[in-house]
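Bear in mind that the values here come from a model prediction, so they are computed numbers and not experimental data. The residues of the chain are indexed from 1 along the displayed sequence.
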Amino acid sequence: MTNPNQLTLAQKPPTLSPNNIQTRQISIAGIDEPNVIAYFQTLANQDFEATASLFAPDGELCPPFEDGVVGKVAIANYLAQEAIGIKPNPKEGFAEYFADGTVHLKITGRVELPWCAVNVAWRFALDRNRQITCVAIDLLATMQELLKFRNNRG
């Protein structure tokens with residue numbers, strides 16, 4: 001099996017016009033962790049390499065209904081394929097700080113995709129250096145909304 005950290009970025013996202021890039025400043029009620037704010041800002045700006053750079057070397061992105069994506073290069077590649085046109089809108093969250101310096105955060109909001117919009121929760125784990133070790137994304141949708149999501153995508 002190929003080591004995902006040895007891959008090169010397979011494709012750069014297409015050049016986006018300023019109308020397609022979310023340029024507003026991201027703020028999240030209850031959250032002030034700079035790397036978490038930067039995660040959303042770089043994702044909104046379609047700068048997937050910058051998003052991936054916020055992760056620890058063995059950091060993991062866990063999208064809904066898919067296996068986790070491990071490593072900065074693999075995360076950048078995944079986002080370049082799957083996150084084109086995504087508009088994250090985090091609203092509020094809370095952080096839990098641990099004695100060993102790690103942090104767990106839960107943030108709720110909405111994501112607009114080219115084919116739909118859905119409520120989501122992001123669960124972050126940060127190491128003591130504040131690098132992202134894991135982001136798990138949970139869809140907060142009814143079964144009816146999930147079926148609509150599946151039908152629109154496929």
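Here R128 does not pair with D100 in a salt bridge; the nearest charged N to carboxylate O distance is not below 4.0 Å.
Nearest heavy-atom pair across I26 and P90 is CG2-CG, 3.9 Å. Minimum heavy-atom separation, V103 to A95: CG1-CB, 4.1 Å. Of all heavy-atom pairs spanning T108 and W122, the tightest one is C-CZ3, 4.0 Å. K72 approaches Q131 most closely through the heavy-atom pair NZ-NE2, 4.1 Å. Minimum heavy-atom separation, Q46 to G85: OE1-N, 2.8 Å. Of all heavy-atom pairs spanning C62 and C134, the tightest one is SG-SG, 4.0 Å.
In this structure, the side chains of I107 and F40 come closer than 4.5 Å at one or more pairs of heavy atoms. In this structure the side chain of L61 reaches within 4.5 angstrom of the side chain of L79, judged on heavy atoms. Counting heavy atoms from C-beta outward, E60 and V69 have side chains that stay 4.5 Å or more apart.
Cluster membership for F65 and I75, using ILVMFWY side-chain heavy atoms within less than 4.5 angstrom, is shared.
Proximity of the aromatic rings of Y39 and F124 is defined here by a centroid distance below 6.0 angstrom, and this criterion is met. Taking the six-membered ring wherever Trp is involved, the centroid distance between the rings of Y97 and H104 does not fall below 6.0 Å.
The OG atom of S27 sits 10.0 Å away from atom CD of Q41, with the distance rounded to the nearest 0.5 Å.
Each of T102, L105, V135, T133 was scored for a side chain to side chain contact (heavy atoms under 4.5 Å, CB included) with L126, with one residue passing: L105.
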From CA spacing to verdict: side chain to side chain donor-acceptor pair (under 3.5 Å), N35, R130 | CA-CA 7 Å; N35 276 353; R130 297 304 195 260; over 6 Å; no
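D127 places a side-chain N or O within donor-acceptor distance of the main-chain N or O of N129, the cut-off being under 3.5 Å.
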